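Okay, so here's the structure we're looking at.
Values below: every heavy atom of this structure, side chains too, minus hydrogens, waters and symmetry copies. Below, chain A is the first sequence line, B the second, and so on; all start at residue 1. What you are looking at is a predicted structure, and each value in this text was computed from that prediction instead of being measured.
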Amino acid sequence: MDYTAGEVAGNDYILKGARHFDLAATLDCGQAFRWEQVGEDAFRGIALGRVLEIQRRGEDVVLYGVSEEEFHVRWKRYFDLDREYGKLKELFCRDPVLRQAVEYAPGIRVLRQDGWEALCSFIMSQNNNIVRNKGMIDRLCRLAGEPIRGGYAFPTPQRLAAMTVEDLAPARCGFRAKYILDAARAVCEERVSLDQAAKLPLPQAREMLMRIYGVGPKVADCALLYGLGRVECVPMDVWMKRVMERCFPKGLPEWAKDTAGIAQQYLFHYARMQGLK
DNA sequence: CGCCAGGCTTCTA
DNA sequence: TAGAAGCATGGC
């Protein structure tokens with residue numbers, strides 16, 4: 001475990017001795033789009049149908065207004081806290097390039113988000129930048145998401161499937177609106193099953209997600225990695241293509257393949273921050 | 001004002 | 001079947 005103990009303190013839940021967990025690096029490295037910084041190492045976000053404020057305080061990480069039960073049923077998995085990132089990073093550091101990326105942002109964790117939200121978020125990320133994608137997703141949630149205490153949940157596929165491109169206009173998703181609607185319909189009609197995609201062999205899982213209009217290999221891989229827990233999956237965006245071409249012409253090391261998606265997150269962040277060309 | 005954005009679909013040779 | 005254009009939009 002990457003924390004020594006969980007402790008209830010009033011309404012809050014405290015992760016004592018939380019290691020390998022940098023909130024800024026994790027929540028603002030292009031894997032999730034509904035988090036904002038609200039204070040000193042403090043972030044507010046909406047995920048899994050809940051609003052959460054989370055803050056680092058010294059050695060600890062505090063989840064405000066979270067019960068022990070809610071931590072265990074919701075946030076422990078979301079923040080991938082069962083995985084030992086220390087061991088993982090030790091493995092990655094056998095390679096000099098991976099070591100450099102890990103040392104650049106050693107507190108990155110790969111989030112396990114809701115599958116449907118991850119799928120939509122990355123459909124919308126295409127030919128888009130991260131800042132603007134956040135705005136689009138926020139408008140989509142206000143437009144079609146269920147009101148919850150403190151904000152709006154991510155819209156369900158059922159709700160979106162009943163809408164039209166014109167209905168979605170206020171969210172200003174551009175050409176992506178029709179893709180979102182097809183994704184919603186595919187899920188509702190069970191042309192695509194996210195539960196199955198989570199378990200199928202990778203090629204078949206990708207093939208299923210790519211039945212959706214507007215979903216290609218990269219978006220499918222993002223949904224699998226960030227939403228369906230497939231940490232062996234490596235989305236190849238422009239930044240990763242540059243890294244692979246320059247540093248790993250023969251592919252990522254064989255010993256990294258089971259968790260190559262997590263290695264990808266360190267490499268992606270490093271490449272993007274360095275402005276690698 | 002152009003340029004470009006964690007791509008995908010469609011058109012063309 | 002590879003390669004380029006078109007796509008909507010707004011941050012910079």
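Relative orientation of the Tyr226(A) and Phe122(A) rings is parallel, given thresholds of 30° and 60° on the angle between their planes.
For residues 183-220 of chain A, the ring-ring contact (aromatic ring centres under 6.0 Å, His included) pairs, not counting sequence neighbours, are Tyr179(A)-Tyr213(A). Applying the salt bridge (charged side-chain N to carboxylate O under 4.0 Å, His left out) test to every pair with at least one member in residues 10-21 of chain A, sequence neighbours left out, gives these pairs: Lys16(A)-Asp60(A). Each salt bridge (charged side-chain N to carboxylate O under 4.0 Å, His left out) pair with one or both residues in residues 116-139 of chain A, not counting sequence neighbours, appears once here: Asp28(A)-Lys134(A), Asp138(A)-Arg142(A). The salt bridge (charged side-chain N to carboxylate O under 4.0 Å, His left out) contacts involving residues 160-177 of chain A comprise nothing, where partners must be two or more places apart or lie in separate chains.
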Taking only distance into account, with no hydrogens and no angle test, what donor-acceptor pairs under 3.5 Å do side-chain atoms of residues 247-263 of chain A form with protein atoms, sequence neighbours excluded?
none

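Val73(A) belongs to no hydrophobic cluster with other residues, because no ILVMFWY side-chain heavy atom falls under 4.5 Å from its own, directly or through intermediates. Connectivity analysis of hydrophobic side chains (ILVMFWY, heavy atoms under 4.5 Å, direct or indirect) links Val51(A) to Ile46(A), Ile148(A). Other residues sharing a hydrophobic cluster with Tyr64(A) under the 4.5 Å side-chain heavy-atom criterion for ILVMFWY residues are Ile14(A), Val62(A). By the 4.5 Å side-chain criterion applied to Ile, Leu, Val, Met, Phe, Trp and Tyr, Leu15(A) is assigned to a cluster that also includes Met1(A), Tyr3(A), Val8(A), Tyr13(A), Phe21(A), Leu23(A), Leu27(A), Trp35(A), Phe43(A), Leu48(A), Leu52(A), Ile54(A), Val61(A), Leu63(A), Val66(A), Phe71(A), Trp75(A), Tyr78(A), Phe79(A), Leu81(A), Leu111(A).
Summarising the geometry, the separation between CG on Asn127(A) and C1' on dT10(B) is reported as 15 Å, rounded to the nearest angstrom.
A 4.0 Å heavy-atom criterion places the boundary nucleotides of DNA chain C facing chain A at dC7(C) to dG10(C), written 5' to 3'.
Taking every heavy atom of residues 228-247 of chain A and every atom of DNA chain C, no pair lies under 4.0 Å. A heavy atom closer than 4.0 Å to some atom of DNA chain C occurs in Arg172(A), Gly174(A), Phe175(A), Arg176(A), Lys178(A), these being the qualifying members of residues 159-189 of chain A.
Rounded to a whole angstrom, the distance from the C1' atom of dC4(B) to that of dA8(C) is 13 Å.
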